[in-house]
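Residue numbers count from 1 along this sequence. Because the structure is a prediction, the values reported are computed rather than measured. Quick note: numbers below take in every heavy atom, side chains included, and nothing from hydrogens, waters or symmetry partners.
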Amino acid sequence: AEVRRHPDVRRVYLGEALMAQAPTADRVLVVEDLYTAYGLSQVLFGVSLGVAAGECVCLLGRNGVGKTTTMRSIMGLTPPRRGRITWKGQDITGRAPYQVANLGLGFVPEDRRIFADLTVWENLDVVSRRQRNGGWTVERVYDLFPKLRELRDRQGGFLSGGEQQMLTIARTLMGNPELLLLDEPSEGLAPLVVEHMTEQIGRLKREGLTILLAEQNVEFALDLADRVYVLEKGLIRYEGSAREFREDESIRHQYLAL
(Lines give C-alpha, C1' and ligand atoms only; values in the text may rest on other atoms or scores of the structure.)
Protein backbone atom coordinates (compact mmCIF):
# COMPACT_ATOMS: atom_id res chain seq x y z
CA ALA A 1 0.00 0.00 0.00
CA GLU A 2 2.87 2.38 0.80
CA VAL A 3 4.51 1.74 -2.57
CA ARG A 4 1.19 2.15 -4.37
CA ARG A 5 0.67 5.58 -2.80
CA HIS A 6 4.18 6.82 -3.60
CA PRO A 7 3.86 9.84 -5.97
CA ASP A 8 6.53 8.60 -8.39
CA VAL A 9 4.86 5.21 -8.70
CA ARG A 10 1.47 6.84 -9.26
CA ARG A 11 2.92 9.17 -11.88
CA VAL A 12 4.63 6.41 -13.85
CA TYR A 13 1.95 3.72 -13.68
CA LEU A 14 -1.23 5.78 -13.41
CA GLY A 15 -0.11 8.76 -15.45
CA GLU A 16 -0.93 11.20 -12.69
CA ALA A 17 0.37 14.73 -13.04
CA LEU A 18 2.14 16.17 -10.04
CA MET A 19 2.09 19.89 -10.61
CA ALA A 20 0.70 23.03 -9.01
CA GLN A 21 0.34 21.39 -5.63
CA ALA A 22 -0.34 23.74 -2.75
CA PRO A 23 2.60 23.74 -0.32
CA THR A 24 1.87 21.40 2.57
CA ALA A 25 2.47 24.14 5.13
CA ASP A 26 -0.22 26.32 3.51
CA ARG A 27 -2.96 23.69 3.49
CA VAL A 28 -5.73 24.38 5.96
CA LEU A 29 -7.65 21.22 5.02
CA VAL A 30 -5.73 17.97 4.66
CA VAL A 31 -7.38 14.64 3.81
CA GLU A 32 -5.10 11.62 4.09
CA ASP A 33 -5.72 8.09 2.87
CA LEU A 34 -9.49 8.16 3.33
CA TYR A 35 -11.51 4.94 3.16
CA THR A 36 -15.28 5.34 3.50
CA ALA A 37 -18.12 2.85 3.02
CA TYR A 38 -21.90 2.62 3.30
CA GLY A 39 -22.46 -0.71 5.00
CA LEU A 40 -20.72 -3.33 2.87
CA SER A 41 -20.36 -0.96 -0.09
CA GLN A 42 -16.87 0.54 -0.17
CA VAL A 43 -16.82 3.95 -1.93
CA LEU A 44 -13.48 5.61 -1.17
CA PHE A 45 -10.17 3.78 -1.45
CA GLY A 46 -7.41 5.96 0.01
CA VAL A 47 -8.44 9.46 -1.09
CA SER A 48 -5.92 12.18 -0.23
CA LEU A 49 -6.21 15.88 -1.02
CA GLY A 50 -5.42 19.30 0.37
CA VAL A 51 -6.81 22.82 0.19
CA ALA A 52 -4.79 25.94 0.95
CA ALA A 53 -6.22 29.09 2.49
CA GLY A 54 -7.93 31.25 -0.14
CA GLU A 55 -7.84 28.48 -2.75
CA CYS A 56 -10.69 27.11 -4.81
CA VAL A 57 -10.10 23.40 -5.35
CA CYS A 58 -12.42 21.26 -7.45
CA LEU A 59 -13.08 17.56 -7.13
CA LEU A 60 -14.10 16.42 -10.62
CA GLY A 61 -15.63 13.14 -11.70
CA ARG A 62 -18.68 11.42 -13.07
CA ASN A 63 -21.69 10.45 -10.99
CA GLY A 64 -21.03 7.74 -8.45
CA VAL A 65 -17.23 8.07 -8.20
CA GLY A 66 -17.19 9.29 -4.59
CA LYS A 67 -17.32 13.10 -4.73
CA THR A 68 -20.29 13.45 -2.38
CA THR A 69 -18.92 10.74 -0.09
CA THR A 70 -15.66 12.68 0.21
CA MET A 71 -17.60 15.80 1.23
CA ARG A 72 -19.76 13.85 3.68
CA SER A 73 -16.65 12.24 5.20
CA ILE A 74 -15.06 15.65 5.78
CA MET A 75 -18.22 16.99 7.41
CA GLY A 76 -18.68 13.91 9.62
CA LEU A 77 -21.97 12.93 7.99
CA THR A 78 -20.47 9.61 6.85
CA PRO A 79 -17.45 8.96 9.08
CA PRO A 80 -14.51 7.27 7.33
CA ARG A 81 -13.39 3.80 8.37
CA ARG A 82 -9.74 4.67 7.84
CA GLY A 83 -7.70 7.78 7.18
CA ARG A 84 -7.30 11.20 8.72
CA ILE A 85 -8.83 14.63 8.18
CA THR A 86 -7.24 17.75 9.67
CA TRP A 87 -8.51 21.32 9.66
CA LYS A 88 -5.92 24.00 10.43
CA GLY A 89 -3.77 21.30 12.04
CA GLN A 90 -6.58 19.91 14.21
CA ASP A 91 -7.73 16.32 13.73
CA ILE A 92 -11.47 16.34 12.94
CA THR A 93 -11.77 12.75 11.71
CA GLY A 94 -15.14 11.29 12.66
CA ARG A 95 -16.34 14.30 14.61
CA ALA A 96 -20.05 15.05 14.70
CA PRO A 97 -21.24 17.36 11.90
CA TYR A 98 -22.21 20.17 14.28
CA GLN A 99 -18.71 20.09 15.78
CA VAL A 100 -17.13 20.31 12.33
CA ALA A 101 -19.44 23.18 11.40
CA ASN A 102 -18.60 25.03 14.62
CA LEU A 103 -14.92 24.91 13.64
CA GLY A 104 -15.63 26.93 10.50
CA LEU A 105 -16.61 24.47 7.76
CA GLY A 106 -19.84 25.14 5.88
CA PHE A 107 -21.49 22.48 3.70
CA VAL A 108 -23.86 23.13 0.79
CA PRO A 109 -25.39 19.72 -0.01
CA GLU A 110 -26.45 18.66 -3.48
CA ASP A 111 -30.08 18.19 -2.42
CA ARG A 112 -30.19 21.73 -0.90
CA ARG A 113 -32.35 20.84 2.14
CA ILE A 114 -33.94 24.23 2.63
CA PHE A 115 -36.91 24.63 4.97
CA ALA A 116 -39.74 24.51 2.44
CA ASP A 117 -42.39 25.96 4.79
CA LEU A 118 -40.25 28.91 5.88
CA THR A 119 -39.77 32.09 3.89
CA VAL A 120 -36.42 33.05 2.40
CA TRP A 121 -35.85 35.50 5.25
CA GLU A 122 -36.84 32.92 7.87
CA ASN A 123 -34.43 30.34 6.37
CA LEU A 124 -31.63 32.87 6.83
CA ASP A 125 -32.79 34.11 10.23
CA VAL A 126 -32.74 30.58 11.68
CA VAL A 127 -28.99 30.47 11.08
CA SER A 128 -28.27 34.07 12.07
CA ARG A 129 -29.57 33.42 15.58
CA ARG A 130 -26.66 31.09 16.30
CA GLN A 131 -24.00 32.36 13.93
CA ARG A 132 -20.36 32.61 14.89
CA ASN A 133 -18.75 36.04 14.95
CA GLY A 134 -18.12 37.12 11.39
CA GLY A 135 -19.11 39.36 8.55
CA TRP A 136 -22.09 37.64 6.95
CA THR A 137 -25.49 39.20 7.61
CA VAL A 138 -28.85 38.91 5.88
CA GLU A 139 -28.22 42.18 4.04
CA ARG A 140 -24.81 41.04 2.88
CA VAL A 141 -26.15 37.81 1.40
CA TYR A 142 -28.93 39.84 -0.24
CA ASP A 143 -26.17 41.92 -1.87
CA LEU A 144 -24.54 38.72 -3.14
CA PHE A 145 -27.88 37.26 -4.30
CA PRO A 146 -30.16 40.25 -5.11
CA LYS A 147 -32.88 37.87 -6.26
CA LEU A 148 -33.28 36.63 -2.70
CA ARG A 149 -34.06 40.15 -1.52
CA GLU A 150 -36.93 40.26 -4.01
CA LEU A 151 -38.15 36.85 -2.80
CA ARG A 152 -37.57 37.33 0.93
CA ASP A 153 -41.24 36.74 1.81
CA ARG A 154 -41.70 33.70 -0.44
CA GLN A 155 -41.69 30.19 1.06
CA GLY A 156 -38.70 28.04 0.13
CA GLY A 157 -40.87 25.35 -1.39
CA PHE A 158 -42.14 27.79 -4.03
CA LEU A 159 -38.66 28.80 -5.28
CA SER A 160 -37.19 27.57 -8.54
CA GLY A 161 -34.19 25.23 -8.51
CA GLY A 162 -31.75 28.09 -9.08
CA GLU A 163 -33.38 30.22 -6.39
CA GLN A 164 -33.23 27.32 -3.93
CA GLN A 165 -29.53 26.87 -4.71
CA MET A 166 -28.89 30.56 -4.03
CA LEU A 167 -30.78 30.25 -0.74
CA THR A 168 -28.82 27.16 0.28
CA ILE A 169 -25.49 28.89 -0.31
CA ALA A 170 -26.72 32.06 1.39
CA ARG A 171 -27.92 30.11 4.43
CA THR A 172 -24.54 28.38 4.73
CA LEU A 173 -22.71 31.71 4.48
CA MET A 174 -24.78 33.01 7.39
CA GLY A 175 -22.78 30.62 9.58
CA ASN A 176 -19.63 32.56 8.59
CA PRO A 177 -17.60 29.57 7.34
CA GLU A 178 -13.88 29.80 6.67
CA LEU A 179 -14.13 26.86 4.25
CA LEU A 180 -17.15 26.42 1.97
CA LEU A 181 -17.83 22.91 0.66
CA LEU A 182 -20.09 23.00 -2.41
CA ASP A 183 -21.52 19.71 -3.62
CA GLU A 184 -22.66 19.88 -7.28
CA PRO A 185 -23.96 23.47 -7.12
CA SER A 186 -24.70 23.54 -10.88
CA GLU A 187 -26.73 20.31 -10.85
CA GLY A 188 -30.07 20.69 -12.61
CA LEU A 189 -29.70 24.41 -13.28
CA ALA A 190 -30.36 26.19 -16.58
CA PRO A 191 -27.25 27.52 -18.40
CA LEU A 192 -28.06 31.15 -17.60
CA VAL A 193 -28.47 30.33 -13.91
CA VAL A 194 -25.14 28.45 -13.97
CA GLU A 195 -23.53 31.55 -15.44
CA HIS A 196 -24.89 33.68 -12.60
CA MET A 197 -23.77 31.06 -10.08
CA THR A 198 -20.25 31.22 -11.52
CA GLU A 199 -20.19 34.98 -10.99
CA GLN A 200 -21.44 34.73 -7.42
CA ILE A 201 -19.07 31.95 -6.35
CA GLY A 202 -16.26 33.78 -8.15
CA ARG A 203 -17.00 36.82 -6.02
CA LEU A 204 -16.71 34.71 -2.86
CA LYS A 205 -13.36 33.45 -4.10
CA ARG A 206 -12.12 36.99 -4.81
CA GLU A 207 -13.11 37.98 -1.28
CA GLY A 208 -10.75 35.30 0.02
CA LEU A 209 -13.12 32.50 1.02
CA THR A 210 -11.56 29.03 0.81
CA ILE A 211 -13.67 26.70 -1.35
CA LEU A 212 -13.80 22.96 -2.01
CA LEU A 213 -16.08 22.27 -4.95
CA ALA A 214 -17.38 18.87 -6.09
CA GLU A 215 -18.60 19.00 -9.69
CA GLN A 216 -19.09 17.08 -12.92
CA ASN A 217 -19.74 20.22 -14.99
CA VAL A 218 -16.15 20.67 -16.15
CA GLU A 219 -16.46 24.12 -17.71
CA PHE A 220 -18.24 25.52 -14.67
CA ALA A 221 -15.59 24.04 -12.38
CA LEU A 222 -12.60 25.24 -14.41
CA ASP A 223 -13.95 28.79 -14.50
CA LEU A 224 -13.59 28.82 -10.71
CA ALA A 225 -10.88 26.39 -9.65
CA ASP A 226 -7.19 26.98 -9.03
CA ARG A 227 -6.46 23.26 -8.86
CA VAL A 228 -8.38 20.10 -9.67
CA TYR A 229 -8.48 16.52 -8.49
CA VAL A 230 -10.15 13.86 -10.62
CA LEU A 231 -11.88 11.01 -8.81
CA GLU A 232 -12.52 7.67 -10.46
CA LYS A 233 -13.92 4.63 -8.65
CA GLY A 234 -13.06 6.10 -5.26
CA LEU A 235 -9.45 6.92 -6.13
CA ILE A 236 -7.71 10.19 -6.98
CA ARG A 237 -6.45 9.65 -10.53
CA TYR A 238 -5.16 13.13 -11.28
CA GLU A 239 -4.06 16.28 -9.51
CA GLY A 240 -2.98 19.43 -11.28
CA SER A 241 -3.66 23.04 -12.07
CA ALA A 242 -7.02 24.01 -13.53
CA ARG A 243 -5.24 25.84 -16.33
CA GLU A 244 -3.28 22.79 -17.43
CA PHE A 245 -6.37 20.60 -17.22
CA ARG A 246 -8.29 23.05 -19.39
CA GLU A 247 -5.55 23.44 -21.99
CA ASP A 248 -4.57 19.78 -22.37
CA GLU A 249 -7.33 17.99 -24.27
CA SER A 250 -5.58 14.63 -23.93
CA ILE A 251 -5.71 14.86 -20.12
CA ARG A 252 -9.42 15.67 -20.14
CA HIS A 253 -10.10 12.80 -22.52
CA GLN A 254 -7.98 10.37 -20.50
CA TYR A 255 -9.65 11.08 -17.17
CA LEU A 256 -13.17 12.21 -18.11
CA ALA A 257 -13.55 11.00 -21.71
CA LEU A 258 -14.21 14.59 -22.83
Side-chain angles (χ1 to χ4, degrees), residues 19-31 49-60 67 70-71 74-76 85-90 92 97 99-110 124 127-128 130-149 165-186 193-215 217-229 239-246:
M19 74 289 284
Q21 298 186 34
T24 302
D26 295 337
R27 296 187 178 192
V28 289
L29 177 71
V30 178
V31 175
L49 59 86
V51 183
E55 235 190 346
C56 179
V57 173
C58 183
L59 197 57
L60 283 170
K67 302 188 301 299
T70 301
M71 296 289 214
I74 293 169
M75 288 303 301
I85 305 164
T86 58
W87 165 245
K88 297 169 72 173
Q90 184 175 356
I92 62 170
Q99 294 174 319
V100 176
N102 285 339
L103 290 172
L105 283 73
F107 181 46
V108 179
E110 181 183 2
L124 299 175
V127 183
S128 69
R130 61 172 303 278
Q131 68 179 3
R132 303 178 318 117
N133 293 330
W136 286 100
T137 63
V138 172
E139 283 304 314
R140 189 178 172 194
V141 297
Y142 282 164
D143 289 340
L144 179 65
F145 299 106
K147 187 70 174 178
L148 295 182
R149 179 182 279 113
Q165 187 63 274
M166 292 177 196
L167 178 56
T168 306
I169 295 174
R171 185 182 60 185
T172 304
L173 291 173
M174 289 294 294
N176 293 300
E178 296 178 57
L179 171 64
L180 186 65
L181 292 90
L182 295 165
D183 190 10
E184 302 276 8
S186 73
V193 179
V194 172
E195 184 178 331
H196 290 323
M197 193 65 64
T198 303
E199 295 172 1
Q200 290 150 343
I201 297 174
R203 178 176 164 184
L204 294 174
K205 176 184 172 183
R206 290 190 297 273
E207 292 180 2
L209 185 62
T210 306
I211 300 171
L212 178 60
L213 171 68
E215 259 296 338
N217 183 332
V218 176
E219 291 305 316
F220 171 75
L222 295 182
D223 282 342
L224 294 166
D226 299 301
R227 292 186 301 115
V228 299
Y229 293 88
E239 176 187 358
S241 72
R243 178 178 178 180
E244 174 130 358
F245 194 80
R246 180 192 294 277

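- Atom-to-atom distance recorded for Lys88:NZ and Leu179:CG is 10.5 Å, nearest 0.5 angstrom.
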Show the numbers, then the answer: is there a side chain to side chain contact (heavy atoms under 4.5 Å, CB included) between Thr86 and Leu29?
-> CA-CA 6 Å; Thr86 58; Leu29 177 71; over 6 Å; no
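- Remark: Asp223 pairs with Arg246 by the salt bridge (Lys or Arg N to Asp or Glu O under 4.0 Å) rule, at least two apart or across chains.
- Considering CG of Leu224 and SG of Cys58, their distance stands at 8.5 Å, rounded to 0.5 Å.
- The two residues Val51 and Ile211 have their closest heavy-atom pair at CG1-O, 4.2 Å.
- No side-chain donor-acceptor contact under 3.5 Å links Arg27 to the backbone of Ala53.
- Here the CD1 atom belonging to Ile169 is positioned 8.0 Å from the CG atom belonging to Leu144, to the nearest 0.5 angstrom.
- Trp87 places no side-chain N or O within 3.5 Å of a backbone atom of Ile92 that could act as its donor or acceptor partner.
- Using modelled atom types, one side-chain atom of Thr210 and one backbone atom of Gly54 make a donor-acceptor pair closer than 3.5 Å.
- Between Arg243 and Asp226 there is no salt bridge, since no side-chain N of the basic residue sits under 4.0 Å from a carboxylate O of the acidic one.
- For Glu195, the salt bridge (Lys or Arg N to Asp or Glu O under 4.0 Å) criterion is met by no residue, not counting sequence neighbours.
- At distances below 3.5 Å, at least one donor-acceptor pair connects side-chain atoms of Thr137 with backbone N or O atoms of Arg140.
- When atom types are taken as modelled, the side chain of Glu55 and the backbone of Val57 share no donor-acceptor pair closer than 3.5 angstrom.
- Contact annotation: the side chain of Arg149 approaches that of Asp143 to within less than 4.5 Å [non-hydrogen atoms, C-beta and beyond].
- Contacts of Glu184 classified as salt bridge (Lys or Arg N to Asp or Glu O under 4.0 Å), with partners at least two apart in sequence or in another chain: Lys67.
- Side-chain contact check for Leu209 versus Lys205: every heavy-atom pair is 4.5 Å or farther apart.
- In this structure, the side chains of Arg171 and Thr168 come closer than 4.5 Å at one or more pairs of heavy atoms.
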Just do the side chain to side chain contact (heavy atoms under 4.5 Å, CB included) check on Phe107 and Val100 with the steps written out, would you?
-> CA-CA 10 Å; Phe107 181 46; Val100 176; over 6 Å; no
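- With hydrogens and angles ignored, the 3.5 Å screen pairs a side-chain donor or acceptor of Glu215 with a backbone N or O of Ser186.
- Partners of Lys147 according to the side chain to side chain donor-acceptor pair (under 3.5 Å) rule, which considers only residues two or more places apart in sequence or in another chain, do not exist here.
- Rounding to the nearest 0.5 angstrom, the gap separating the CG atom in Leu204 from the CG atom in Leu173 is 5.5 Å.
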Could you walk me through whether Leu49 and Leu59 pass the side chain to side chain contact (heavy atoms under 4.5 Å, CB included) test, one step at a time?
-> CA-CA 9 Å; Leu49 59 86; Leu59 197 57; 4.2 Å; yes
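- Note that CG of Leu105 and CD1 of Ile74 are 8.0 Å apart. Values are rounded to the nearest 0.5 Å.
- With sequence neighbours left out, Arg203 forms a salt bridge (Lys or Arg N to Asp or Glu O under 4.0 Å) with Glu207.
- In terms of heavy-atom proximity, Ala221 sits nearest to Leu213 at CA-CD2, 4.1 Å.
- Residues Tyr229 and Arg227 bring a donor and an acceptor atom of their side chains to less than 3.5 Å of each other.
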Verdict with supporting geometry, Glu178 and Val28, side chain to side chain contact (heavy atoms under 4.5 Å, CB included) = CA-CA 10 Å; Glu178 296 178 57; Val28 289; over 6 Å; no
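- Here the straight-line distance linking atom CG of Leu167 with atom CG of Leu124 works out to 5.5 Å at 0.5 Å rounding.
- With sequence neighbours left out, Asp183 forms a side chain to side chain donor-acceptor pair (under 3.5 Å) with Thr68.
- For the pair Glu110 and Met71, the minimum side-chain heavy-atom distance is 4.5 Å or more.
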